Amino acid sequence: MTRLLSYIRSLTSFSDESWTLLQPALSQKLYRKNELILKEGDICNSLFYIDQGFCKSYYEIEGVVKNTDFFFEDEIATDIRSFGSGQTSEFNIVACEETYITILNKEKLFEAAEQSPEIEALGRHCIRRFASKQEEFATLFKLYSAQERLEYLEKKYPEMLKRVSLTQLASFLGVARETLSRIRKRRVSR
């Protein structure tokens, strides 16, 4: 869990005492490829810190998968709405390869936050970072064409393009796989 501690300390100052208080809220789990981390209809009671591997969030509409986000090492995956409100999740989160996750249990996290202002601040920083990424992608989809979105990902998230399949990437960008192939081919031939 040293990787998680480094991540936490990159967000906020965090003492060894707070780290000790946080321990009961943490558990680790290995998810196999295609194993659900969060299932649509369940309540999200955790933050999922990606130690190794990656996962995606997606909706399934009439049998068609619509990818909405990808989460890589040193990122938190969750359903922020469900986590905050206690309502059921409207989407799934699934491991895209063998993925090691540290699970931060909501109830125990809140208990620890009552004992440590550093843990309370950590929760705010995690949520803020998660919300910032969601806002970034929402803006990307409101303002840019599929080609511009691809160019943005190439510059800002090159790891995504290396690890995510063309089919999954096309779904995320909101275009057919063939359209994405044409965009990429057109850009290479320039």
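As the structure is a computational prediction, the values presented were derived from the model and not from experiment. By convention here, the first residue in the shown sequence is residue 1.
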Is the closest basic N to carboxylate O distance between Arg182 and Glu178 below 4.0 Å?
no
Inspect the contact between Glu118 and Arg9 and indicate whether a charged nitrogen and a carboxylate oxygen are less than 4.0 angstrom apart.
no
Does the Thr139 side chain pair with the main chain of Glu135, one donor and one acceptor, at a distance under 3.5 Å?
yes
Compute the ring centroids of Tyr7 and Tyr49, then answer whether they are less than 6.0 Å apart.
yes
Thinking salt bridges, do Lys155 and Glu151 make one under a 4.0 Å N-O criterion?
no
Is there side-chain contact between Cys126 and Leu11, with heavy atoms separated by less than 4.5 Å?
yes
Going by the rule ring-ring contact (aromatic ring centres under 6.0 Å, His included), which residues pair with Tyr59 if we only count those two or more places apart in sequence or in a different chain?
Phe91
Ion pair check, Arg32 and Glu98, cut-off under 4.0 Å
yes
Flag side-chain contact, heavy atom, 4.5 Å: Ile50 against Cys55:
yes
Could you identify which residues cluster with Val64, counting Ile, Leu, Val, Met, Phe, Trp and Tyr as linked when any side-chain heavy atoms lie under 4.5 Å apart, either directly or through a chain of such contacts?
none
Any side-chain heavy-atom pair from Phe110 and Glu114 closer than 4.5 angstrom?
no
Expected output: side-chain Ser6 to main-chain Thr2 donor-acceptor under 3.5 Å:
yes
I'd like to check the salt bridge (charged side-chain N to carboxylate O under 4.0 Å, His left out) partners of Arg129; sequence neighbours left out, ordered by chain and number.
none
Can you list every ring-ring contact (aromatic ring centres under 6.0 Å, His included) pair that touches residues 132-171, not counting sequence neighbours?
Phe137-Tyr157, Phe137-Phe172, Phe141-Phe172
To the nearest 0.5 angstrom, please state how far the CG atom of Leu22 sits from the CG atom of Leu104.
6.0 Å
Whether Arg3 and Glu73 form a salt bridge (side-chain N of Lys/Arg under 4.0 Å from carboxylate O of Asp/Glu) is what I want to check.
no
Under a 3.5 Å distance rule, please check whether Lys106 uses its side chain to pair with a backbone N or O of Phe83 as donor and acceptor.
yes
Any luck finding a side-chain donor-acceptor pair between Gln115 and Glu111 under 3.5 Å?
no
Applying side-chain contact (heavy atoms from CB on, under 4.5 Å), can you list everything that pairs with Gln23, at least two apart in sequence or on another chain?
Met1, Trp19, Leu26
Do Lys29 and Glu35 meet the salt-bridge criterion of a basic N to acidic O distance under 4.0 Å?
yes
Do Phe72 and Met160 come close enough that some side-chain heavy atom pair is under 4.5 Å?
yes
Would you say the side chain of Leu21 lies within less than 4.5 Å of the side chain of Glu17, judging by non-hydrogen atoms?
no
Using every non-hydrogen atom in the two residues, find where Ala146 and Val175 come nearest and quote the distance to one decimal.
CB-CG1, 3.5 Å
Between Thr20 (side chain only) and Asp16 (backbone N and O only), is there a donor and an acceptor less than 3.5 Å apart?
yes
Intermediate values then yes/no, side chain to side chain donor-acceptor pair (under 3.5 Å), Asn105 and Ser46:
CA-CA 5 Å; Asn105 175 280; Ser46 303; 5.1 Å; no
Using side-chain heavy atoms (C-beta onward) and a distance below 4.5 Å, is Leu30 in contact with Thr99?
no
Could you verify whether a donor N or O on one side chain and an acceptor N or O on the other, from Asn92 and Lys39, lie under 3.5 Å apart?
no
Of Leu173, Asn67, Val65, the residue whose pairing with Gln168 passes side-chain contact (heavy atoms from CB on, under 4.5 Å)
Asn67
Sidechain-backbone polar pair: Ser18 side chain, Ile119 backbone, donor-acceptor under 3.5 Å:
no
Will you find, in the side chains of Thr102 and Asp51, an N or O donor that is under 3.5 Å from an N or O acceptor?
yes
Residues in side-chain contact (heavy atoms from CB on, under 4.5 Å) with Ser181, at least two apart?
Leu166, Arg177
Report whether Tyr100 and Leu4 are members of the same hydrophobic cluster (ILVMFWY, side-chain heavy atoms less than 4.5 Å apart, transitive linking).
no
Using a 4.5 Å cut-off on heavy atoms from C-beta on, say whether the side chain of Leu47 contacts that of Ile127.
yes
Do Lys133 and Phe71 touch side chain to side chain, with heavy atoms closer than 4.5 Å?
yes
